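Notes to accompany the following structure.
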Amino acid sequence: MVLLSAPRWLRSRLSDRFWRVQEVLKYARHFRGRKNRCYKLAVRSVRRAFVKSTKARKEKKRLLRALWITRIEAASLEHGLKYPAFISNLLKSQVELNRKMLADLAIYEPKTFKSLAALAQRRRQEGFLAALGDGKEPEGIFSRIVHHY
Amino acid sequence: MIAAGQYGRLFAVVHFASKQWKITSEDLIMMDNVLEAECGDRIRMEKVLLVGADDFTLIGRPLLGKELVRVEATVIEKTESWPKINMRFWKRHNYQRKKIITNPQTVLRINTIEIFPCLS
C-alpha cells in the first residue's frame, strides 16, 4: 500500500545552518565587541558595512580629486603661482595633463613640475600683454594654438 | 643636444584606457577593462602627453608626435578583480539587494620607452 501523506513526525530541517551563519560572520571577524561573534548583531553590522563601502566607492573619486587639487595648489605656490592661474594657463597652452598626473609629477618629478609652472607663468604674461597692450604687438609664442588634423 | 647624447631613465605620461599613467620601463600597469589582445602580444602606445628624463622634458600640446616617441608594452595577464560587494538597503522598508561584481582586469608590462630626436 502507498502512503500518500507524510507522517507528522517527519520534518524537513536545515542541515547547513552552520555554513550559512559562517558566510556572514566571516565578514565580521575584524569588528569590535560582540558583533564579531554573535550572528544577530553581526548581520546588522555586516549589512551596514557593505552599504557604506558601496557608497564610499563613489565618494572616493571626489575625495581623491580634492586631494590632488590641494597638492597641486601647494606645489604651484612654491613656484609663485596660484592654482587657478596655473590650471587655466596650462589649459590655454594646450597641455592636457589631468590633476592626478600633475599631482604625481609634483611629487616625483619636481623639475618637470617647475618647467610646467614656468610655462604657465609665461602664458599668463602673454595673456596680460595681449589684453592690456591691444596694439600691433606680435602674438606671444606660447599663445599660438597647434592644430592637429 | 642632450637628445643626441645620453640621458638616464626616461619616463612618459601616456593616455591609455581613458586614464593617464606615468610610466617608465619595466613598469606594471593594471587596467580595469578588457583589451582585445592575447597574452604575450606587444602593444605600441600612441597618445603620449609628456616624455622626460633627469635633465629635460618634452611637453606635447596636447600629444607628442608618433615619430618622436615609441612606447612598447606586452600583455601579461587577463584576470578578474576580487569579488566586490554592492549592497543597497532601505531601513524599515524590507528592501535589500546584494550583488557581487568582478571586473575583468588586464596587466601590462611596459618594455621600452624610446625617443627619436628629429626636430624639424
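Source: prediction; values computed, not measured.
Both Leu102(A) and Leu63(B) sit in one connected hydrophobic cluster of ILVMFWY residues. Membership requires side-chain heavy atoms under 4.5 Å apart, directly or through other members. The hydrophobic clustering, which links ILVMFWY residues whose side-chain heavy atoms are closer than 4.5 Å, places Leu91(A) and Leu81(A) together. Under the 4.5 Å side-chain heavy-atom criterion for Ile, Leu, Val, Met, Phe, Trp and Tyr, Ile87(A) and Ile59(B) are members of the same hydrophobic cluster. Cluster annotation: Leu35(B) and Met45(B) are assigned to the same hydrophobic cluster (Ile/Leu/Val/Met/Phe/Trp/Tyr, side-chain heavy-atom contacts under 4.5 Å, transitive).
As a member of the Ile/Leu/Val/Met/Phe/Trp/Tyr network built from side-chain separations under 4.5 Å, Met30(B) groups with Leu28(B), Ile76(B), Val107(B).
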Table up the donor-acceptor pairs between chain A and chain B that sit under 3.5 Å, atom names plus distance.
unit_1, atom_1, unit_2, atom_2, d
Arg47(A), NE, Gln96(B), OE1, 2.9
Thr54(A), OG1, Met87(B), N, 3.4
Thr54(A), OG1, Met87(B), O, 3.3
Arg57(A), NH2, Ile85(B), O, 2.8
Ser93(A), O, Arg61(B), NE, 3.4
Glu96(A), O, Gln20(B), NE2, 2.9
Asn98(A), N, Gln20(B), OE1, 2.9
Lys100(A), NZ, Gln20(B), O, 3.2
Glu109(A), OE2, Lys22(B), NZ, 3.3
Lys111(A), NZ, Asp54(B), O, 3.4
Lys111(A), NZ, Asp54(B), OD1, 3.0
Phe142(A), O, Arg61(B), NH2, 2.9
Arg144(A), O, Arg61(B), NH1, 3.2
His148(A), NE2, Arg61(B), O, 2.9

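For the side chain to side chain donor-acceptor pair (under 3.5 Å) test, residues two or more places apart in sequence or in another chain that qualify with Arg29(A) are Gln22(A). With sequence neighbours left out, the side-chain contact (heavy atoms from CB on, under 4.5 Å) criterion links Leu77(A) to Glu73(A), Lys82(A).
Heavy-atom distances place both the backbone and the side chain of Ile85(B) under 4.5 Å from chain A. Residue contact with chain A, scored on non-hydrogen atoms closer than 4.5 Å, involves the side chain of Leu50(B) exclusively.
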